[in-house]
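Sharing a structure here in structure tokens format.
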Amino acid sequence: MEIHDLTIAEAGDRIRKKDVSVSEIVSSCRAVIAAQDPALHAYLEVFDDAQTEAEKRDEDLARMDEAERRRLPPLFGIPLAIKDNILIRGRCASAGSRMLENYTAPYDATVITKLKNQGAVFLGRTNMDEFAMGGSTEHSAFGPTKNPRDPARVPGGSSGGSAAAVAADMCLGALGSDTGGSVRQPASFCGVVGMKPTYGRVSRHGLIPMAASLNQIGTLAKTAEDAEILFSAIAGGDDFDATAVKDRNYELEVRNYELKNIRVGVPKEYFGKGLDADVEAVIRGAIQKMERAGAEIHEISLPHARYALPAYYIIAPCEISADLARFDGMRYGGRRSEVGGRSINLYEFYANARAEGFGSEVKRRIMLGTYALSAGYYDAYYLKAQKVRRLVRDDFERAFEKVDVIAGPTAPTPAFAFGERSHDPLSMYLADVYTVAVNLAGLPALSLPAGNVARDQVSLPVGLQMIAPRFRENALFASAKAAEKILSVSRALL
Ligand code: GLN
């Protein structure tokens, strides 16, 4: 086994036992990056000081006795990749956009402060669809990322760079962001675990905005245990983010949770038209295995499930049109005072900065959102979509009266080929059909590798989505860890 194959839990254990140094782990990941990333393009930038940081951790370790080493936080010395929309002080954070190509973050996002406090090492920032809009990374202004399982296919998105980096062992874990599936769907496409926390569980201070009522920072890792280690490191209230809930202590909740017989709800609406037959077979097979292992399986109904996607694609663009108004070329973006040798007025200045800075998907959403929010249309679109959102949320609440978690597919298909959907926004949006309802309802959910399907002689991963009630990440991780054991999908890929 190579060092970069280790999980976070295994690497942390070996660091504490002095079996392996932080420098060795970091250089092992960097060697994979040097070998693989020119072809995969998971990273937009690899930080050149990662090795020096690693040496600092090793110096700290050398000064500690065994008891001190045992008390080290779980992410001490662990090399991580960070999605390009999360601010790291002094680093560029471009959100995959030309608009922020030259933007340097003036402060650390709260999640970054928390990871730094644990002693994590940052390897680089990862590629993404521009401003997290998309499901394939094809909307990145800096070129797409390739799926490590099949470079002819997309890694999913928008956190495709983070998912590919974890899948190809180019880091031990990563952060992403999930507004409508952007952590779970790429995790499913790349064969890793991707987790989106409850709305309000993790601070978004220092996350470049996209649809503020839907968005959470999530974790990508090789195992459910690792995803949980990362999640517990970033969870918790924050003075800088009023939506981050303060009075919930995840550690305590874990200890209090005992899961003897998992009651798993399987929504019949998630197995209808549009679900790939091979993906369905993998998901049904996984659920059967869980049943044989002692889980109670209940068929449930989420009657408004089919309205989640249209409601999301009204609400998200509306919020995006407001969130992205700040990118006017004055505070962020290129400042051009003349075009074609002619000096321009203020209106032209704004229009020019946004025309040049934003890509087509971002412009499409700003236009859709502005339209849906305009006088006369607000009630018909935005207000209606918010009412649908309530019904979607109530469906889940009713379902959770009978079950601990809900299980179904993460995405309707395995990873698709480049170009297959990029010219047809609606078909791209359909990739989110099973993930967006979770964001509308603010629930925690994750995608767990459940098996593989064959496409063009290549074996492609399929993710099982598990969803839990609000703030029940303990139930989510407990059932995911139990399911992971019996599904035992091999991590080895490249
Ligand atoms: N693919 C979805 C979209 O394009 C989800 C994006 C996200 O979660 N950031 O809106």
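Residue indices begin at 1 and follow the sequence shown.
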Query raised in the report: What closest approach, in Å, do Asp226 and Ala221 show between heavy atoms, and which atom pair accounts for it?
Result: CB-CB, 3.5 Å
Query raised in the report: So, do Leu115 and Leu175 sit near enough that their side-chain heavy atoms are less than 4.5 Å apart?
Result: yes
Requested in this report: Hey, can you tell me if Tyr434 and Tyr270 have their rings parallel, tilted or perpendicular (30° and 60° cut-offs)?
Outcome: tilted
Report summary line: Closest non-hydrogen atoms of Gly419 and His423, given as atom of the first, atom of the second and distance, are O-CD2, 4.0 Å
Query raised in the report: From Tyr307 OH over to Leu302 CG, what is the distance, rounded to the nearest 0.5 angstrom?
Result: 13.5 Å
Query raised in the report: Step by step, would you call Ile406 with Phe396 a side-chain contact (heavy atoms from CB on, under 4.5 Å)?
Result: CA-CA 9 Å; Ile406 291 173; Phe396 281 111; 3.7 Å; yes
Report summary line: In Ser28, Ser27, Cys171, the residue satisfying side chain to side chain contact (heavy atoms under 4.5 Å, CB included) with His4 is Ser28
Requested in this report: Can you measure from OH (Tyr43) to OG (Ser162) and round to the nearest 0.5 angstrom?
Outcome: 8.0 Å
Report summary line: Smallest heavy-atom separation, Thr7 atom then Leu172 atom, equals O-CD1, 4.3 Å
Query raised in the report: Is there a donor in the side chain of Arg421 and an acceptor in the side chain of Tyr429, or the other way round, less than 3.5 Å apart?
Result: no
Query raised in the report: In terms of heavy-atom contacts, does CZ of Arg364 have more than 12 from other residues, nucleotides or ligands at under 6.0 Å?
Result: yes
Report summary line: In terms of heavy-atom contacts, Ser188 and Gly463 come closest through OG-N, 3.0 Å
Query raised in the report: Looking only at side chains, do Asp129 and Ser158 share a donor and an acceptor under 3.5 Å apart?
Result: no
Report summary line: All heavy atoms of Leu464 vs all of Thr410, minimum pair found to be C-OG1, 3.5 Å
Query raised in the report: Charged N to carboxylate O under 4.0 angstrom, Asp108 versus Lys116?
Result: yes
Query raised in the report: Would you call Asp5 and Lys222 a salt bridge, using N to O less than 4.0 angstrom?
Result: no
Requested in this report: Look at Arg455 together with Asp278 and state whether they make a salt bridge at an N to O cut-off of under 4.0 Å.
Outcome: yes
**Report entry** Parallel, tilted or perpendicular: ring planes of Phe240 versus His205, cut at 30 and 60 degrees
**Finding:** parallel
Query raised in the report: Is there a donor in the side chain of Lys83 and an acceptor in the side chain of Ser159, or the other way round, less than 3.5 Å apart?
Result: yes
Report task. Answer with yes or no after comparing the ring centroid distance for Phe47 and Phe122 against a 6.0 Å cut-off, counting only values under it. Result -> no
Query - Heavy-atom check, side chain of Tyr378 versus side chain of Leu383, under 4.5 Å - result: yes
Query raised in the report: Can the ring centroids of Phe327 and Phe131 be said to lie less than 6.0 angstrom from one another?
Result: yes
Requested in this report: Could you verify whether a donor N or O on one side chain and an acceptor N or O on the other, from Asp178 and Asn439, lie under 3.5 Å apart?
Outcome: yes
Query raised in the report: Between Ser177 and Asn85, does any side-chain donor sit less than 3.5 Å from a side-chain acceptor?
Result: yes
Report task. Classify the side-chain pair Gln185/Ser447 by whether it contains a donor and acceptor separated by less than 3.5 Å. Result -> no
**Report entry** Short N-O contact, Glu348 and Arg342, less than 4.0 angstrom
**Finding:** yes
Report summary line: Value for OH (Tyr103) from OH (Tyr332), rounded to nearest 0.5 Å, stands at 5.0 Å
Report task. Identify whether NZ of Lys or CZ of Arg in Arg153 sits under 6.0 Å from the centre of the six-membered ring of Phe416 and within 45° of that ring's axis. Result -> no
Query raised in the report: Going by distance alone, is a donor N or O of one side chain under 3.5 Å from an acceptor N or O of the other, for Ser213 and Arg389?
Result: yes
Query raised in the report: Is it the case that Thr145 and Asn127 place a side-chain donor and acceptor less than 3.5 Å from each other?
Result: yes
Query raised in the report: Are Arg201 and Glu473 ion-paired here, with the side-chain N under 4.0 Å from a carboxylate O?
Result: yes
Report task. Output the distance between atom CG (Leu100) and atom CD (Glu130), rounded to the nearest 0.5 Å. Result -> 9.0 Å
Requested in this report: Would you please say whether a donor-acceptor pair under 3.5 Å links the side chains of Tyr313 and Asp432?
Outcome: yes
Query raised in the report: Would you say Arg470 has more than 12 foreign heavy atoms packed within less than 6.0 Å of its CZ?
Result: yes
Query raised in the report: Do you see a donor-acceptor pair shorter than 3.5 Å between the side chains of Thr243 and Arg204?
Result: yes
